Amino acid sequence: MSITSETELNGMKRISEVVGVTLKEMRNYAKPGMTAQELDEYGGEILKQYGARSAPKLTYGFPGWTCISVNKEIAHGIPSSHKILQEGDLVNVDVSAELDGYWSDNGGSFVLGQDLHGHQPLIDTSKRILHKAIHLIKGGVRISDVGKLIESEARKSGYTVIRNLAGHGVGRSLHESPEDILNCYEPANRGRFKRNSIVAIETFISTASNFANQERDGWTLTGNKGGFVAQHEHTIMITDGAPVILTAANEIWN
């Protein structure tokens, strides 16, 4: 969506704060031995307290309030009672929700407890690249230039990117135009970012895979070549200068 009034901006700020706080609190609540379902229900209760509705459940009938992906799962992981979190797991929580007709989306990968398997460098790289990509964006910048930056920075750090997952517009629904804010360079994409528009920017930084495949459950995405993926996402408002990071409450930089 494009922000045309103070009322719209305030609506986006409210829902963005809700999803940011929910993500932060879920990350703090997660403990080894807990099931993904328990963590998801905790996040669902926070959303309910704010009067917000789960975006994936509302839009797609997703079997959970949030998406919780663990280890080899890239995204859209089902928060089931059979998925038990372990010390050192690479966990990704993606929280998106609607409140009063406004939608916001954010997510982040983290290590549960001690970094027993050496995932932290991958996570740090994903955070750093997202931060750099966000601050490249302003009105008039080509969308493909963001993908080029993400792909280039990943390669410099010894990683690759998931080429068929992308950031997207958001605001009046979960997925809006532009729907093709890729993590890789696509020269045919001549679209440009527009001032005052709302987009969700996300990184998918990978140790091995470069494409995501859907599993038999119809939701979970895993890599075509194995390995691990770290994802981080913020919803922002584009300006002519520094962007407004609406979901900053999740404090992914820490």
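Each residue takes its place number in the sequence, starting with 1. Predicted model only: the values in this text are computed from it and were never measured.
Heavy atoms only, all atoms of each residue included: W103 and S173 are closest at CD1-N, 3.5 Å. The heavy-atom pair separating I238 from K138 by the smallest distance is CG2-C, 3.6 Å. Taking each heavy atom of R142 and N189 in turn, the nearest pair found is NH2-O, 3.4 Å. For the residue pair P79 and I68, the shortest heavy atom distance occurs at CB-CD1, 3.9 Å. T160 approaches A154 most closely through the heavy-atom pair O-CB, 4.0 Å. Considering every non-hydrogen atom in both L85 and A30, the closest pair reads CD1-CB, 4.5 Å.
In this structure, a donor-acceptor pair under 3.5 Å is present between the side chains of Y102 and R172. Side-chain contact check for S157 and R128: at least one donor-acceptor pair (N or O, by modelled atom type) lies under 3.5 Å. Judged by distance alone, the side chains of E202 and Q231 do bring a donor and an acceptor atom under 3.5 Å apart. Inspection of the N71 and D89 side chains reveals an N or O donor paired with an N or O acceptor under 3.5 Å. Residues H76 and T220 have side chains that never bring a donor and an acceptor to within less than 3.5 angstrom of each other. Looking at T235 and S16, their side chains never bring a donor and an acceptor atom within 3.5 Å of each other. For the 3.5 Å distance criterion, the side chains of N92 and S109 qualify, holding a donor opposite an acceptor.
Distance alone, capped at 3.5 Å, is enough to place a donor-acceptor pair between the E38 side chain and the T35 backbone. K31 places a side-chain N or O within donor-acceptor distance of the main-chain N or O of N28, the cut-off being under 3.5 Å. Within the 3.5 Å criterion, the main-chain N or O of N224 finds a donor-acceptor partner in the side chain of S209. Here the side chain of E215 pairs no donor or acceptor atom with the backbone of D217 at under 3.5 angstrom. A donor-acceptor pair is defined here as one N or O able to donate and one able to accept, closer than 3.5 Å; no such pair exists between the side chain of E186 and the backbone of L182. Using modelled atom types, one side-chain atom of E8 and one backbone atom of T4 make a donor-acceptor pair closer than 3.5 Å. Under a 3.5 Å cut-off, the side chain of N210 and the backbone N or O of R163 do not form any donor-acceptor pair. With hydrogens and angles disregarded, no donor-acceptor distance shorter than 3.5 Å links the side chain of T66 to the backbone of V95. Within the 3.5 Å criterion, the main-chain N or O of K127 finds no donor-acceptor partner in the side chain of H131. Side chain of K83 to main chain of I78: a donor-acceptor pair is present (N/O by atom type, distance under 3.5 Å, no hydrogens or angles).
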Problem set entry | side chain to side chain contact (heavy atoms under 4.5 Å, CB included) assessment of S206 paired with V161 | CA-CA 5 Å; S206 172; V161 298; over 6 Å; no

Exercise. Under the side chain to side chain contact (heavy atoms under 4.5 Å, CB included) criterion, do M1 and I3 qualify, and how do the steps go?
Worked result: CA-CA 7 Å; M1 71 175 290; I3 297 295; 4.0 Å; yes

Exercise. Taking it one step at a time, do Y159 and T125 satisfy side chain to side chain contact (heavy atoms under 4.5 Å, CB included)?
Worked result: CA-CA 9 Å; Y159 300 111; T125 300; 3.5 Å; yes

For this session: List the steps, then state whether side chain to side chain contact (heavy atoms under 4.5 Å, CB included) holds for T247 with H234.
Result: CA-CA 6 Å; T247 48; H234 267 314; 2.6 Å; yes

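The same ILVMFWY cluster, assembled from side-chain heavy atoms under 4.5 Å apart, contains both L58 and V93. Both M34 and Y42 are part of a single hydrophobic cluster, where members link through side-chain heavy atoms under 4.5 Å apart.
Atom NZ of K57 sits in a crowded spot, with more than 12 heavy atoms from other residues, nucleotides or ligands closer than 6.0 Å.
A tilted orientation is assigned to the rings of Y60 and H175, their planes being inclined by 30° to 60°.
For the side chain to side chain contact (heavy atoms under 4.5 Å, CB included) with E233, the qualifying choice from I201, T203, D94 is D94, the only one to do so. For the side chain to side chain contact (heavy atoms under 4.5 Å, CB included) with H135, the lone residue among I236, L130, I245 that qualifies is I245.
Using a 4.5 Å heavy-atom threshold, the side chains of T207 and V229 count as separate.
In this structure, K156 pairs ionically with E153, as a charged nitrogen and a carboxylate oxygen lie closer than 4.0 Å.
Note that CG of L221 is 8.0 Å distant from CZ of F204, once rounded to the nearest 0.5 Å.
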